[in-house]
Number of protein chains: 2
Amino acid sequence: MSTTIKDIAKLLGISPGTVSRALQKSPRVSKETILRVEEAAKKLSYRPNITAQRLVSGKTHNIGVILSKDIREYTSVQLFNSIILNGILEVAEAHNYNLNFAIDSQEEKQGALYRIVQNKDVDGVLIINVVNEDILASLRTNGIPVVLIDNHFDNRSEYAVNNDDRIGASIATKHLISLGYKTIGMIGINEETFHRECLSGYLQALAECGLRADPRFVLKGWGSTHSAYEITWNILKQNRFPRAFFVVTDEMAIGVIRAVKDFGLSVPRDIAVVGMDDIPLLDYVDPPLTTMRIYIAEMGRTAVGMLLGLIQGHYQGNTQIAIQPKLIVRKSCGSK
Amino acid sequence: MSTTIKDIAKLLGISPGTVSRALQKSPRVSKETILRVEEAAKKLSYRPNITAQRLVSGKTHNIGVILSKDIREYTSVQLFNSIILNGILEVAEAHNYNLNFAIDSQEEKQGALYRIVQNKDVDGVLIINVVNEDILASLRTNGIPVVLIDNHFDNRSEYAVNNDDRIGASIATKHLISLGYKTIGMIGINEETFHRECLSGYLQALAECGLRADPRFVLKGWGSTHSAYEITWNILKQNRFPRAFFVVTDEMAIGVIRAVKDFGLSVPRDIAVVGMDDIPLLDYVDPPLTTMRIYIAEMGRTAVGMLLGLIQGHYQGNTQIAIQPKLIVRKSCGSK
DNA sequence: TATAAAAATACAAACGATTGTAGCAAATAG
DNA sequence: CTATTTGCTACAATCGTTTGTATTTTTATA
């Protein structure tokens, strides 16, 4: 079908082995031959057969990327994944690695995921967002390096890159404090580790500033805008509510704002709100939402770098890397 | 390293060829041997080496997915891609195909894209959103089937699946008309084919209902919320403006709404707005945005189906498939 | 000029499967 | 009881590379 190394060899009257070495510019073959081979290769528009190369090298040059299944539940997860993928792609491409995607469908043990892993069709794996212990175990027994991204996973022995949620929560809360708010609530999420990290940052910020946390004001939604709306509405009805909220995702923060407005109060006059993520169009929310910007693509890039190091066996850095978020001030907290 | 067909052969004292056939349940091998082989395979936890299989079959079982580079420009493109990817993944997985992603970086001819294509590392290619004629040509000379998704590309000879933008524009416009609006503008986008389709649907709807289009009211933005904001603001200043707008993307529609509000007018009382896309959180825009929902994941699924048919050489359907969008009524157009 | 050393190339065995052909039983036919 | 068919299985080539070893050619040395 297409030109192989043998065609070049035949054309030039030399052996395939030499052609192979010439193509690799091996010092074992004369400069002249290298030149002739390269010329012939170009003339025949030769392209190496990657599959064959893989067979002998035992390396696939593939990176598996496992995404969470419940992608449809949280719209911003979609966006998150998309951006992270960009980061990943960017550096994977630069290193000549391909990406193989698979969705983690917890149920069916027949999915692409298992196929990829068990078939050793990847040199390493990136797991985004969710952790499936089965997969992790399978990966480990197969000796395939893994790095977790945005996993909110507790095990410190896993390689992972995450947003620094604790710091994020702390900075957000301190921003509120610096604006003079004394009663600050938090609306978290129904995801254990993530929630714990946020809570810890939130509490620490309060403590450092000599403020007391009121347990009645730390709530938990399940991620959707709507859930945050309901939670907020409920607390508003009770007549005792804080003057500000740190909300752990923008998507929920939008629900909070809407609830406050629907309740007849004003943001930020009556209640200030900070979110986290920095999803698009926040400038067009009313009022524009102040938030902690998470560097998603950067997380992806970092993770691939780590994984590549692991694959090539020369990674020396920490097992856990936390990317620092940044406060983006808009109008939902008012100003001094 | 890991168990091969030979290990099984050795263990059972039979030949590798027979093992291979047994694993394929070939009628040429006895039921008994098949059973013994399967047992041994399980015991040794044998997994076929895909690379080797690929080498002999000549099929990669990979589908290349080309994404557009300018992903950072339009935030909703990110989301769009992510959703489409889900659709693609879903059916690719079901057919045991892997996905190989590459970003179309028009400039550098060295990118992963060219690597994938020229190295014939894919059985077929999906191109999302943007068309690079070079790639297309390269693909064609290599005999690799391609299907374009959301490409807004004119060439009817290319296999493609798109949203039916013309119909979308027409339905949106007619919705406005049915609500009694007589002067209806359109805010389009700086992308030739897409704009043309929308314009055609918009004009057709007006014509069918006996309304005249006012050329002063068909405008063009470059996609961002901000660009739509400015356009709207400008036309508002001129004191002559339509009572309703069909805006070709939600992202821009949000800019329109904001401009109208900032100008001191009301949506939908003074100006009604319909968007297109149905991006997330539209229920939380103020007022909630009526829009044409595009079935993005469905486009992805359809495209893969088409490509697979092409790869396997039995595709019989149309070269062009248009997915029908659907009107989602919220509050930005008022009601009768 | 014979000879050792160095340089360039050829040969052949891998990598892990698939598959056409050949071989050897046992079963059936004459 | 030989001849032919049938059912299984073994052998070996193949896919397109890479790479260790052997061989040839060239160059330098004595």
Asker: Whether A:Gln53 contacts D:dG16 is assessed here as follows: a side-chain N or O lying under 4.0 Å from the phosphate OP1 or OP2. Is that the case?
Answerer: no
Asker: Return the 5'-most residue of the pair B:Val56, A:Ser57 with respect to DNA chain D, ranking by each residue's nearest nucleotide.
Answerer: B:Val56
Asker: Taking only N and O in the side chain of A:Gln24, is any of them less than 4.0 Å away from OP1 or OP2 of D:dT19?
Answerer: yes
Asker: Does OP1 or OP2 of D:dT9 have a side-chain N or O of B:Thr18 closer than 4.0 Å?
Answerer: no
Asker: List the steps, then state whether salt bridge (charged side-chain N to carboxylate O under 4.0 Å, His left out) holds for A:Asp121 with B:Arg54.
Answerer: CA-CA 11 Å; A:Asp121 200 21; B:Arg54 282 177 180 160; 3.4 Å; yes
Asker: Which angle, to the nearest 10 degrees, lies between the helix axes at the two ends of the helix from C:dT1-D:dA30 to C:dG30-D:dC1, each defined by five pairs?
Answerer: 70°
Asker: Please check if the side chain of B:Asn49 supplies one atom and the backbone of B:Ala52 the other of a donor-acceptor pair under 3.5 Å.
Answerer: yes
Asker: Just the rounded figure in Å: distance from P of C:dA17 to NE2 of B:His61.
Answerer: 16 Å
Asker: To the nearest angstrom, how far is A:Leu55 atom CG from C:dA14 atom C1'?
Answerer: 9 Å
Asker: Please state whether the phosphate of C:dT18, meaning OP1 or OP2, lies under 4.0 angstrom from any side-chain nitrogen or oxygen of B:Ser20.
Answerer: yes
Asker: In this structure, how many angstroms lie between the P atom of D:dT17 and the CG atom of A:Asp7, rounded?
Answerer: 9 Å
Asker: Send over the distance from A:Lys6 NZ to D:dT17 P, rounded to a whole Å.
Answerer: 9 Å
Asker: Measure from the side chain of B:Ser15, starting at C-beta and using heavy atoms only, and say which of D:dA10, C:dC15, D:dC15 lies closest.
Answerer: D:dA10
Asker: Identify each atom pair where a protein N or O and an N or O of nucleotides 21-24 of chain D are less than 3.5 Å apart, giving names and distance.
Answerer:
unit_1 : atom_1 : unit_2  : atom_2 : d
D:dT21 : O4     : A:Arg28 : NH1    : 3.4
D:dT21 : O4     : A:Arg28 : NH2    : 2.4

Asker: Does any pair with a residue in residues 13-36 of chain B pass salt bridge (charged side-chain N to carboxylate O under 4.0 Å, His left out), and if so which ones, sequence neighbours excluded?
Answerer: B:Lys25-B:Glu38
Asker: Under a 4.0 Å heavy-atom cut-off, which of residues 30-41 of chain A touch DNA chain C?
Answerer: A:Ser30, A:Thr33
Asker: Of all residues at least two apart in sequence or in a different chain, which pass the ring pair (Phe, Tyr, Trp, His ring centres under 6.0 Å) check with A:Phe194?
Answerer: A:His152
Asker: Atom CD1 of B:Ile8 and atom P of D:dT9: how far apart are they, to the nearest Å?
Answerer: 15 Å
Asker: Do the side chains of B:Met299 and B:Asp150 get nearer than 4.5 Å, heavy atoms only?
Answerer: yes
Asker: For A:Glu39, enumerate each residue passing the salt bridge (Lys or Arg N to Asp or Glu O under 4.0 Å) test, keeping only those at least two apart in sequence or located in another chain.
Answerer: none
Asker: How would you list, by chain and number, every residue that makes a salt bridge (Lys or Arg N to Asp or Glu O under 4.0 Å) with A:Lys43, sequence neighbours excluded?
Answerer: none
Asker: For A:Thr319, what residues pass the side-chain contact (heavy atoms from CB on, under 4.5 Å) criterion, not counting sequence neighbours?
Answerer: A:Tyr159
Asker: Test of understanding: with salt bridge (Lys or Arg N to Asp or Glu O under 4.0 Å), list the residues that count as partners of B:Arg140, not counting sequence neighbours.
Answerer: B:Glu158
Asker: Nearest to the B:Tyr46 side chain among C:dA17, C:dT9, C:dC15, which nucleotide is it?
Answerer: C:dA17
Asker: Please give, in whole Å, the distance from C:dG23 P to B:Ile14 CD1?
Answerer: 21 Å
Asker: Find the distance A:Asp121:CG to C:dC15:P and express it as a whole number of Å.
Answerer: 19 Å
Asker: B:Gln312: what forms a side-chain contact (heavy atoms from CB on, under 4.5 Å) with it, not counting sequence neighbours?
Answerer: B:Tyr97, B:Leu308, B:His314
Asker: Quick one: side-chain contact (heavy atoms from CB on, under 4.5 Å) partners of A:Asp7, sequence neighbours excluded?
Answerer: A:Thr3, A:Thr4, A:Leu44
Asker: In this structure, how many angstroms lie between the C1' atom of C:dC15 and the CZ atom of B:Arg47, rounded?
Answerer: 20 Å
Asker: Taking side-chain contact (heavy atoms from CB on, under 4.5 Å) as the definition, give me every residue that meets it alongside A:Gln324, ordered by chain and number, with sequence neighbours left out.
Answerer: A:Asp164, A:Ile167, A:Ala322
